[in-house]
Every structure is written in C-alpha cells, then in structure tokens.
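Single-structure report; data block below.
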Amino acid sequence: MEIEIRNIHKSFGAVHANAGISLTVHAGEILGVLGENGAGKTTLMKILAGLQPCDAGEIYVDGKLVHFQSADSALALGIGMLSQDPLDFPMLTIFDNLYLGRKKGFFIQKNSFRKEVEKVEDLLAFHFKLSELVGTLSIGERQQLEILRLLVYGSELIILDEPTTGISTQQKKQLFDLLKRLAELGKTVIFVTHKLAEVNELCRRTIVLRQGKLVGDVALPCGSASLIQAMFGKAVDLQDPLDVSRSEEQFEVRHLVIKDAHFFSNPVNLSVRKGEILGLAGMEGSGQKAFLRTLAGLEKPLDGAFFDEGDALRWGSTHSFTKRGVYFMPAARMEEGLIQGMTVQEHFILSQPAEEIMIDRERSCRISETRIKEFSIHGSSSSNAEELSGGNQQRLLIAMLPERARLLLLENPTRGLDIESTNWIWEKLHERCKKGASILFASPDMEELLRFSNRILVFFAGKISEPFFSRDLNSEKLGALIGGEGWR
Amino acid sequence: MVSKNIKVVFALVLVATLLLTACAKGTSEPAANSEESEKFVFGMLLVGAYNDQGWNQAHYEAGLYVQDHIPGTEMIYIDKVNTADRPGTTPDQLAEELVAQGAKLIIFDSDDMKDGAHAFAAAHPDIPVIHASGDGAWVDGNAYQNLPNLANVMGRMEYGKEIAGCAAALSSTTGKIGYLGPLINEETRRLTASAYLGAKYCWENVAGKDPADLTFEVTWIGFWSNIPGVTLDPTQVADDFFNRGYDVVISGIDTTEALTEAQKYADEGNTVFAIPYDFKGGCGQTSGVCLGVPYYNWGPSYTSYVQSAIDGNFTPSWDYLAPNWEDLNNPDTSALGFVKGDALPEENGAKLDDFIAELAGGLNLWKGPLNLQDGTVFLAEGETATDYQVWYLPQLLEGMLGLSTAAE
Amino acid sequence: MAVKEKKIGFAKRLPSSAVFSIASTVGALLFTSFILWMAGAQPGLTFEKILAGAFGDSVKIANGLVVWVPLSLTAGALIITFTAGLWNLGIEGQIMLGAIAATGTLRVLQNSLLSPVLIILFACLMGMVGGALWAALTGILRLFGGVSEIFAGVGLNFVATALSLWLIFDPWKRPGVGSMSGTEPFDERLWLATIPGYRLSLWSLVLVVVVFIGLFILLKKTRFGIQIKAIGKNLEAARLMGIQTRKQMMAAMLLCGGLAGLAGALQVVAVYHRLIPSISSGYGFLAMLVAMLANNNLMLALLVAYLFAILNIGGIQLPIVLHLDSTLSGVLQTALVLFFLIMNGVKQHLTERKERNRHAE
Ligand SMILES: Nc1ncnc2c1ncn2[C@@H]1O[C@H](COP(=O)(O)OP(=O)(O)O)[C@@H](O)[C@H]1O
Ligand SMILES: [Mg+2]
C-alpha cells in the first residue's frame with residue numbers, strides 16, 4: 001500500500017501545528033518521523049489515522065483520494081494507529097478484547113475468529129494465551145496485543161506514536177524486532193519519536209518535522225549532527241568531558257558490596273577524581289540505582305567503606321552525607337525529587353543549606369528568580385513543582401543541587417529531555433566539574449554515557465565491572481557488555 | 001493554594017453557622033414560655049442514666065413523685081453527669097444550664113458531685129441546693145460548708161443493706177457472698193460493712209451455721225456504673241464471683257449487671273442469686289434469681305424540700321433518714337425499703353421478716369465488739385457506733401475480704 | 001507557559017470550591033437532621049436549642065470560650081505534626097500527661113512559700129514538659145523503633161489513662177476515698193484567675209493568641225516550618241535535599257506535645273483545679289477533626305475550633321430540653337468532617353477526570 005499526503009494544514013488557534021506537509025510513504029518501509037516536542041508529529045499522525053480532521057489537504061491511498069470520518073473508516077482502508085494508552089478492558093480476556101472490536105458480521109463464530117487471530121500470530125511468530133486477562137500483561141505485551149489487533153482487523157499501515165516511552169530496553173528490543181518483521185511481511189510502519197538513536201537503529205528513512213513544517217527527508221543511517229541541525233534549526237555543540245588525568249582523587253570506594261532487592265554485588269574498588277564524570281551503564285534494575293543510593297548514604301552496603309578525602313563516611317544518617325556535599329538526584333522526579341504542593345521558590349529554600357532560623361523571603365526570592373532564569377525553567381517562583389512540565393521539573397532538580405555539592409549522584413539526569421535540553425544540562429554539569437565536583441550518573445542511553453563520561457562502570461545482573469575509559473569503548477562494545485557479553 | 005483552602009473552609013464554617021441559624025429560625029418558639037413562668041421548676045443532676053434501674057432511676061422517679069404531689073411543679077434534669085460521659089463539663093456548669101432553663105432548686109444526686117455542688121451553692125446563694133448523700137450541711141460532719149442554701153439528704157441504707165446481707169446469708173449454700181462495689185469512699189464502706197453485718201448475723205443466729213464458713217468479699221469496680229476502659233467491667237466481676245463458687249452477689253453499684261449475670265448463670269442450671277440496689281423495681285423481669293432489693297424512696301423528702309422552697313422557708317439541714325418501721329415499704333412515709341424477690345422461698349421470707357422485726361425492735365448490729373479490717377478496735381464490747389462513726393467508717397470490718405481504701 | 005496552563009485549568013473547573021463546601025455542610029446538616037428525625041426529634045428545634053445553648057447569655061459564650069482554649073491550643077499543636085506528616089494520635093495522652101505534670105507540680109509546691117503566680121506558671125511549664133516527653137516517646141518509637149506513630153500514640157494514650165487513674169485512685173487520692181471525681185481540689189489561690197462571674201480566664205485567651213502568633217511565625221517564616229512541610233509532603237525528597245528529617249520530625253513531636261501539655265495544664269489550673277480521670281475531655285480527638293477540617297490552616301483552626309466549642313456547649317441543652325443525647329452535636333461535628341472529606345474526594349476525582357480528558361485531547 002502506498003500513501004500520499006498532500007499539503008496538509010492544521011491549526012489550533014494561533015498554533016499552526018501542521019503547515020503544509022506533503023509526503024509519500026511506500027509499502028513495506030519503516031518510516032521514521034523525527035521532531036522535538038511540539039513539532040506537530042502527533043497532529044499529523046492523528047490526521048492520517050482519521051482521529052482528527054485536517055483544515056486543508058488531501059490523502060491518497062494507492063492513488064485514490066480518501067476522506068476519513070473516523071478511526072474506523074481509516075482502519076477499514078488499512079490504516080491503524082497504536083493509541084498511546086491502549087484502551088482495552090483489563091478485566092476481560094485477551095481473546096474477548098480482540099473479539100469485542102470486530103466489525104464484520106454479527107454472527108461470526110468465535111471459533112473462526114480465533115483461527116484468524118492465530119493465523120496472524122503465526123505470521124508474527126508470537127503467541128498470547130488468549131484466555132489470560134489483559135490486566136496481567138506488561139506494557140510491552142499490551143503494545144504487542146494492540147499491534148495484533150490492528151493486523152487482525154486488516155491494517156496495512158501501522159502508526160506508532162512515541163511507543164518507546166515507559167518501556168524497558170529489553171521490551172524496546174522486542175518491539176523493534178516485531179516492527180522489522182512487519183516490514184518483512186510487506187506492512188508499512190510509521191515510527192514517531194524524538195530520539196535520534198531510535199530512528200537510526202530502526203529506520204532506513206526518516207522525515208524531520210520542525211514547527212509544523214517538513215524540514216528534512218533523510219536516508220539512514222546518517223550522522224547525528226545533520227539530523228540535530230534539522231530538528232532544532234541550529235547546530236548544537238557537544239561538550240567533551242574534562243581531562244582529569246592530572247586532577248587529584250577526592251572520593252574513594254573500597255571493597256564496597258551493595259545490595260539490591262534481588263542480589264548483592266561483587267566488591268567494588270574505585271577512586272573518583274575531581275571534575276571526573278563516571279557513567280553507570282546497564283539495563284534498568286541492574287544495580288545502578290542501589291549503587292548511587294548507597295554512595296548517597298541512603299542505603300547501607302553489606303561491606304566496604306567510602307572515603308571523602310581520606311575521611312570515612314558513616315552510613316546511618318543521610319544528613320552526614322549531604323553535609324559533606326554528597327547529593328543524590330533521583331529519576332522519579334515527583335516521587336522522590338520534588339515535592340508536590342510546594343513552590344519552586346520553596347524548593348530552592350529547602351535545597352540550599354543554611355543555618356539561619358528565619359527565612360529571608362527577599363533573598364530567597366532573588367535566588368529563585370536568578371536560578372529560574374539561569375536554568376531556563378518555564379514557570380515562576382510561585383508555580384508549584386507539579387505544575388511544571390517534565391523537562392522543566394528535570395531542570396528544577398538540577399538547579400536545586402546546591403553550590404557546595406562535591407559529589408553528584410545522578411539517576412537518569414536527562415530523562416525525558418530532548419537532545420537540545422540534554423546538551424544544555426550537560427553544559428551546566430560541566431561547569432560543576434570545572435569547579436571540582438565529581439559526577440556519577442546512570443543512564444539508559446548509551447550515546448549519552450559514551451559522550452559525556454570519562455569512565456564507565458557496567459552493571460549486569462548485580463555484577464559491577466572495572467571502570468572502562470569511554471574512549472576505549474564504542475556503542476557495540478558497550479551494548480555487548482550491557483547485554484552480559486564480553487565479561488572476563 | 002493556601003488562600004484557596006482558606007476560602008473553602010471559611011465558606012464552610014460560614015455556611016454551617018448560617019444554616020444552623022436558618023434551621024433554628026425555621027421553627028417557631030415553643031409557646032409554653034408564659035405558662036412556664038408560673039411553674040416551679042426544679043432541676044436534677046443524675047450521675048448515671050435516668051433509667052438505670054438503680055440509684056438514678058430512684059431519683060428520677062422521686063422527681064416524678066414531686067411533680068405528682070405538688071401541682072405546678074416541673075422537673076428538668078441532665079443525666080450521665082460525670083466527666084467520662086460529659087467530658088469538658090463540671091456539675092456546677094451543668095447546674096447553671098438547668099438554672100438557665102428556669103430551675104429554682106437543684107438536686108445533685110451523687111457524692112461524686114460534692115465539689116460541684118458546693119461550688120454551685122456558694123456561687124448561687126439564692127438557689128436551694130440538695131446534695132443527696134453528701135455531708136456539707138452536717139454541722140458536726142467533716143465537710144461542713146456553712147452555706148445557707150445547702151441541704152443534704154440520705155436514707156439510712158445501713159438497714160437496707162443489713163436486710164440484704166441477711167437475705168444473702170439465708171440463701172447461700174456455699175457460704176460465699178460477693179459484693180459488687182462501686183468506688184471506695186465512706187458511704188460505700190459503711191454500706192458494704194452493713195451488708196456484711198447483716199449476713200454474718202443471719203448466718204450465725206438465724207441459719208445457725210459456723211461463722212468460719214462464711215466468706216464475704218468485695219470487689220470495687222471504680223465507679224457507680226460501668227465506664228468501658230476506665231472501670232472494671234461489672235459484668236466480668238460478677239461472672240468472676242459466680243465462677244469462683246460465690247452463689248450470691250450483692251450489688252453496690254447503680255446498674256443491674258449482678259442480676260443480669262445471675263440470671264445467665266441460673267439459666268445454665270446453676271443455683272445463684274443476686275441482690276440489686278437502689279431502685280424499687282430493681283428486680284426487674286428476672287425470674288428465680290432476685291432475692292430482693294433494698295431501695296431508696298427519695299420522693300417524700302424531695303417533696304418537702306421543694307415545698308419549703310416554694311414557700312420561701314428553705315433552711316439548710318442534714319437529713320439522715322430512717323425507714324418507717326411501721327410500714328417499711330410505704331411510698332409516702334418511708335425513706336427506704338426492701339422488696340422481697342421471687343427467689344426468696346417463703347420459709348426464708350418469713351425468717352427475713354423476723355429479722356426486719358428485730359431491727360424495728362431496736363436490734364443494732366453496729367455494736368461492739370467490732371474490729372476494723374486491720375484488726376484495730378472499732379467498737380469495744382457493748383459500745384454502739386455513733387452516726388459519726390458509721391458515716392465516716394475508716395475501713396472495712398474485720399472478716400471482710402477486699403480493699404478498705406484504694407491501696408495505701 | 002505554566003501560567004497559561006493554570007488559567008485553562010481554572011476555566012474548565014466547573015463547580016467552584018465554594019459549591020463543594022456548601023454541599024458538604026448541607027450534607028452534614030441533612031445527615032444529622034436525618035438522624036434526629038430517626039430519633040424522633042425535630043431537627044429545626046434541635047439546632048435552635050444548640051444555638052441558644054451556646055449564645056443564650058454571656059456566661060454561655062464564656063463557657064464556649066473555655067472549651068475553645070484547649071481545643072484551639074491542641075488543634076494548633078496538631079497542625080505542627082500534621083504538617084510534618086505525623087499522625088499524632090497520641091495527642092490525648094499528651095494532654096493528660098501535661099495535666100498530670102501540672103498537678104504533680106502544684107502538689108509539690110502548694111505548701112511552699114512561692115507566690116501563687118509563680119507556682120501556676122511553673123505548673124504550666126511542667127505541663128508542657130510532661131506533654132513533650134510523652135510525645136517524645138511516640139517520636140522515639142516511630143523514628144528509632146519503626147513503630148507507626150498511630151499505634152504508638154494510641155498505645156501511649158492507654159498508658160496515660162491508666163497512669164492518671166492510678167494516680168487518682170492511689171497516690172493522689174483524696175483521703176480515704178478512691179473516686180472518679182478526681183484528686184482533692186487545689187486551694188483557690190492556685191486557680192488561674194477568671195473573670196468574676198465566669199469560668200473563663202483572660203490569661204488563657206491571651207495565651208491562645210500568643211501561641212498562635214508563634215505558630216504562624218514558626219510554620220510560615222522559619223526554615224523549620226518549611227522543612228517540616230516538605231517532610232510531610234514528601235519524606236524521601238526532603239531527605240535527599242539534605243534536611244535532617246529525623247531531628248525535625250522529633251522537634252515537631254516535641255513542640256506538639258508541649259502545646260498539648262499546656263492545654264492539659266490549663267485544664268488543671270483554670271478549669272478543674274484538680275486532676276480528674278478524663279482531664280483531656282476528648283479535646284485531643286476533637287482537635288484532630290478541627291485540624292482536618294481546617295486543612296491545617298491556623299486561622300481556620302481557630303475558627304473551626306470555635307464552631308466545635310459552641311456545638312459542644314450548645315449540645316448540653318439537648319438532654320435538658322429535648323431529652324436528646326448531647327452527643328448529637330458530636331454527630332454533627334463528625335458529619336461535618338466526613339462530608340468535607342467526601343466532597344474533597346469528589347472534587348479531586350472530578351478535577352482528575354478533567355485533567356485526563358484534557359490530556360487525552
Ligand atoms: N488539541 C489541541 N489543542 C490545542 N493545541 C494543540 C492540540 N494538539 C496539539 N496542539 C498543539 O500543536 C502543536 C503540535 O503538537 P503535537 O502534534 O502534539 O506535537 P508533537 O507530537 O510533535 O510533540 C503543539 O504546539 C501543541 O501544543
Ligand atoms: Mg506527540
């Protein structure tokens with residue numbers, strides 16, 4: 001099936017979300033749709049899937065002009081879109097969920113329908129236990145079920161809008177395998193994302209949207225610099241880590257054995273230099289979080305010691321760690337990092353160590369205003385933390401790290417940020433390093449790890465590797481290590 | 001955020017007040033007011049529930065008696081006047097509430113309201129105050145207040161308890177008599193001791209049994225009625241007596257747990273009895289367990305206080321009233337009485353009548369030799385106790401089991 | 001951008017907050033009326049009697065304030081711990097221990113040559129210490145023993161009740177008497193001076209004002225205040241920010257216990273002039289309702305405490321005039337809180353649904 005769209009326009013009030021987009025999608029290809037948040041990706045996809053009317057423009061399916069009144073009419077023509085949160089019935093079985101949505105004749109036998117489903121499952125090479133409840137499935141499995149549903153109902157084109165948010169690395173791999181298989185079967189896939197690495201991994205061709213316009217149609221793989229330029233309209237210069245080979249060691253970990261819910265680690269010996277950035281790589285839940293939390297004094301290790309310039313830090317009270325400038329920044333922003341119902345200004349007051357009893361409102365207001373400006377947080381001093389968007393919450397978290405922090409333990413510091421914001425945050429972190437702070441950070445993003453750290457520790461099922469110099473690694477090697485290969 | 005909450009709750013409080021006012025305005029003022037002004041209203045503070053089948057119901061019914069016998073009088077009352085049931089209030093404060101409702105004479109029905117009664121009497125010299133069971137108006141007493149508007153009244157329940165003790169001794173086969181005591185004070189000590197004296201006398205002299213075989217034990221629950229979590233549970237205390245082979249439990253508290261439990265045990269086939277207290281109808285609906293009830297009859301004395309208040313010649317007095325021995329159960333003349341229960345067989349009933357006749361004839365069980373529980377001499381050989389000695393009995397008597405005072 | 005979002009949110013929220021509070025109040029009144037009707041009483045007349053009982057004359061108004069003083073002090077105390085996210089159900093015990101400590105102090109000093117003013121002052125101080133120490137026990141159990149402050153507090157309430165009963169029936173009993181009516185009343189010179197003809201002491205009113213100004217400064221203007229707020233809203237985040245969470249939670253407990261103890265001490269020196277078994281008069285639990293209804297806002301707590309106080313005082317009329325149990329005003333109090341919470345829940349649910357719809361678009 002070939003789809004052509006011509007000169008699509010869509011406005012929301014003053015926002016021109018799609019400003020004259022034309023595009024052809026070929027049968028059997030996986031087309032990437034790249035663009036930063038707000039570029040108009042979702043709008044375009046909804047129009048294509050009949051979920052939203054466009055203001056102007058035409059859609060041709062196999063050369064025929066079509067008009068969609070609803071998602072059903074698009075699906076009837078073979079266009080299906082994976083909803084971001086699947087609207088299934090968790091209390092029903094998988095089979096009933098599939099069966100419920102069927103349109104064809106009222107009297108179709110369950111048995112013949114079951115056969116149809118099984119036929120598609122065979123094609124895709126995965127099988128659900130059809131009698132299981134949907135509620136028991138993981139997010140990744142629900143996506144698979146949704147894809148299965150679309151195919152059962154005759155979808156030729158499948159649209160996925162940011163399907164990788166909220167799923168694990170492993171699930172992501174499974175999803176990508178499934179999508180590639182769909183392409184092999186001759187189905188067309190449109191894959192929407194704001195992550196460069198994902199299109200590079202999955203697609204042969206991507207379009208780039210910026211401010212409602214199509215600004216690029218690129219064959220992949222290609223260098224990230226040009227894609228970034230297309231996405232943001234300007235080149236973003238990337239920082240390299242500082243050269244710390246001559247700076248002094250300030251933190252040392254000796255024979256540290258950490259424990260997680262499922263395992264305890266091998267003993268770790270490590271020293272961290274001033275200004276050094278250490279990345280923690282590994283699949284989620286491999287012990288990185290426990291490692292960071294242990295160093296922050298939040299969890300007791302099974303064994304070992306942690307020295308700050310020769311003084312052993314004692315576990316028991318987190319405060320004795322923060323007093324020495326050891327700070328932990330959690331990935332769960334609203335759950336562990338920020339406080340719902342308190343304002344941005346209050347967050348700055350709270351996070352700044354101070355001895356005085358009374359609050360100097362004027363001074364703290366000044367501090368808050370300057371930080372908001374410096375870290376370009378969209379929001380005011382009096383906004384509550386939960387009113388900020390995710391990216392701004394992340395920026396607030398970084399901005400709250402006190403000046404005197406000497407060891408920053410960051411869990412996914414750029415979670416949910418686009419590349420520009422990520423780079424910008426790293427710029428800020430580099431400034432800290434220049435002032436002598438050391439950073440340990442965990443990230444699921446190999447690119448980020450390789451680009452920003454001096455050295456990398458790899459975590460795999462409770463095992464912690466010796467530190468690698470990132471210049472000795474590349475994404476293949478690191479990927480293998482993360483997957484448990486190549487360990488001595 | 002904060003200011004929003006303020007508005008929300010402020011609105012709430014405001015609305016609550018307004019609605020309360022609105023609801024209140026919605027109904028017209030009861031038209032009885034002008035009529036009421038000609039009535040003589042007297043107020044009563046009851047320490048327990050007005051229908052407790054005990055002390056408080058006796059007072060409550062006495063109030064009804066006054067209403068019946070002096071036309072134009074009306075009783076208002078608050079019951080459960082104690083800090084557990086009405087936290088944050090004091091008896092004098094509640095008495096003022098009664099005054100606000102038009103009461104011109106106040107009756108405090110419990111020794112526990114002593115401080116409140118005295119404080120109220122002192123603060124309202126124009127209002128006659130009757131403090132039942134108190135001693136603040138007793139010139140020779142320990143707590144004399146010298147207030148011109150305070151009177152005390154108390155029946156000589158020692159006799160009633162002696163009769164109860166006798167009935168218990170006549171009915172007991174195990175010789176173990178339990179006493180369900182309220183809190184410990186002078187009043188409860190002397191009443192418990194009286195029950196013991198009656199029991200001992202009849203055990204020895206009427207039934208002709210060996211005094212060594214008689215066990216008399218008191219367990220104090222801590223208050224006049226059950227307050228969960230604060231007092232001992234009288235139900236459990238009664239059960240405990242029966243379980244340990246005590247076959248008669250005499251109640252000293254204002255409620256009927258002893259009787260209820262006795263009924264329960266009797267229904268299970270045991271031969272056990274109970275003797276309630278305070279209220280003429282105390283035996284209630286039970287069958288085969290109630291030996292009788294010593295009761296107060298406050299009606300006649302209250303009638304005379306109210307009458308004197310109406311006539312404007314109320315004078316303070318301390319009235320320690322004996323029964324009418326001519327007609328023990330006369331509702332208009334006797335300050336206390338004893339109603340025999342259905343569990344007392346005729347034969348024993350006759351013996352009990354003989355005992356009552358002896359008392360009427362001048363038998364005084366408060367006569368030496370009598371020792372206190374710790375062995376010290378209370379009354380020497382041949383000595384009889386004065387009112388003062390009985391009223392302020394410092395300990396239980398020798399031979400009684402149980403605490404004399406809340407442990408020293 | 002955040003500001004814009006907020007505006008949208010406001011425009012879309014259909015029923016205003018006032019509607020919800022009116023709804024909850026009407027709900028509570030209807031509910032209580034229903035109960036009254038079931039009990040065979042006229043709701044309108046009942047409410048009228050409550051009002052008359054609370055405002056009938058100046059003595060009654062003063063009596064309302066007598067209840068208001070300990071109630072608002074305790075509610076203020078609870079707001080500290082509620083802010084810190086501590087469900088200090090041990091508040092009753094803390095009031096009792098304050099009363100016990102004050103009584104003990106008075107007993108020791110009553111025959112000394114110190115001036116009565118000093119003795120009363122000292123008794124109040126010791127009351128605060130007593131309450132604070134009792135709260136400290138809960139705090140220690142919670143922070144170092146891992147026992148929920150709810151269970152620890154309730155347990156300690158029982159212990160405090162037992163302790164005060166034991167004192168009243170044993171070492172501090174009236175000569176020869178073990179009675180619920182309490183210990184021997186103190187000499188009148190050790191009574192906190194009241195306005196002549198009333199039970200109300202001006203000093204305790206002044207105290208409430210001073211305490212609440214202090215609380216306002218503490219909660220709004222100090223680092224401690226904002227820190228315990230953070231702790232209450234998100235303990236983990238507060239810890240990560242470097243706040244000494246244990247120390248500050250303990251401090252919140254101590255302050256709360258101290259104020260509750262002060263309320264208990266006032267019950268002794270200003271109201272009962274002795275220790276009685278139910279010296280706390282249930283004000284601790286009532287104050288919880290007050291603090292909840294006031295949403296931990298100090299000014300509102302004063303107001304709601306007053307509403308509850310007049311319901312308490314007004315309710316006394318019910319048994320006299322209508323032969324209704326005076327606990328009916330308690331029903332009204334509880335119903336108010338209940339309906340407020342329900343309406344809050346409904347409101348939250350509706351807003352969340354709105355939000356979801358907005359996101360889904
Ligand atoms: N239903 C809507 N109402 C108003 N504005 C919308 C709506 N949907 C999208 N927009 C606006 O259109 C622009 C493009 O949005 P979208 O297509 O969701 O971007 P993307 O998916 O690339 O992040 C954004 O500025 C967004 O705020
Ligand atoms: Mg989108």
Side-chain angles (χ1 to χ4, degrees), chain A residues 12 52 83-85 87 293 296-298 317-323 325-330 332-342 344-347 349-361 364 377-380 382-385 387-389 392 397 400-402 405 409, chain C residues 1-11 13 82-85 143-144 214 216-251 255 295-297 344 348 351-352 355-361:
Chain A
F12 298 103
Q52 214 169 46
S83 33
Q84 254 162 337
D85 32 4
L87 295 169
R293 287 178 60 87
L298 293 161
S317 116
T318 316
H319 182 67
S320 63
F321 284 66
T322 49
K323 217 164 60 188
V326 178
Y327 281 90
F328 173 67
M329 194 186 96
R333 288 186 286 250
M334 275 327 290
E335 292 75 25
E336 296 170 24
L338 301 175
I339 296 168
Q340 192 164 1
M342 293 187 86
V344 170
Q345 183 177 349
E346 284 175 319
H347 276 83
I349 296 172
L350 285 167
S351 57
Q352 296 317 302
E355 298 307 323
E356 76 267 6
I357 293 171
M358 306 300 288
I359 297 166
D360 183 344
R361 284 275 162 188
S364 63
I377 297 165
H378 291 279
S380 73
S382 56
S383 321
N384 278 349
E387 292 167 5
L388 302 179
S389 71
N392 286 313
L397 268 180
M400 276 162 51
L401 292 169
L409 304 161
Chain C
M1 191 179 138
V3 175
K4 209 164 96 193
E5 257 177 3
K6 211 169 163 183
K7 284 235 171 81
I8 293 171
F10 259 102
R13 192 177 298 140
F82 282 1
T83 304
L143 296 171
F144 299 98
F216 181 79
I217 293 172
L218 182 78
L219 291 175
K220 302 288 171 206
K221 305 282 179 203
T222 65
R223 290 187 70 80
F224 172 76
I226 186 173
Q227 286 186 345
I228 59 169
K229 183 173 163 195
I231 290 171
K233 286 178 180 290
N234 191 336
L235 181 59
E236 187 66 14
R239 203 203 318 274
L240 293 184
M241 287 175 189
I243 297 169
Q244 291 179 279
T245 50
R246 269 196 207 157
K247 183 176 139 193
Q248 304 300 58
M249 284 163 97
M250 196 66 184
L255 279 169
N295 230 325
N296 289 353
N297 179 291
N344 246 0
Q348 204 165 342
T351 356
E352 261 167 31
E355 288 281 305
R356 256 208 313 274
N357 289 346
R358 201 156 58 96
H359 281 298
E361 272 162 20

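Throughout, a chain's letter reflects where its sequence line sits, starting with A, and its residues are numbered from 1.
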Considering non-hydrogen atoms only, spot the tightest contact between H319(A) and G242(C) and give its length.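 Taking H319(A) first and G242(C) second, the nearest heavy atoms are ND1-O, 3.0 Å.
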
If every non-hydrogen atom of I339(A) is compared with every non-hydrogen atom of H347(A), which pair is closest and at what distance?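 Looking at all heavy atoms of both residues, the closest pair is N-NE2, 2.8 Å.
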
Just wondering, do [Y] and [X] contact through their side chains at under 4.5 Å, heavy atoms?
| X | Y | value |
| --- | --- | --- |
| K229(C) | L350(A) | no |
| Q248(C) | I231(C) | yes |
| F224(C) | L255(C) | yes |

Give the member of K233(C), R223(C), M241(C) that has the highest number of heavy-atom pairs under 4.5 Å with chain A.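 Option with the top pair count is R223(C).
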
Tell me, side chain or backbone of [X] under 4.5 Å from chain C's heavy atoms, or both, or neither?
| X | result |
| --- | --- |
| Q352(A) | backbone |
| Y327(A) | side chain |
| L298(A) | side chain |
| M334(A) | backbone |
| R293(A) | side chain |
| Q340(A) | backbone |

Calculate, to the nearest 0.5 Å, the distance between atoms CE and OG belonging to M342(A) and S383(A) respectively. 14.5 Å

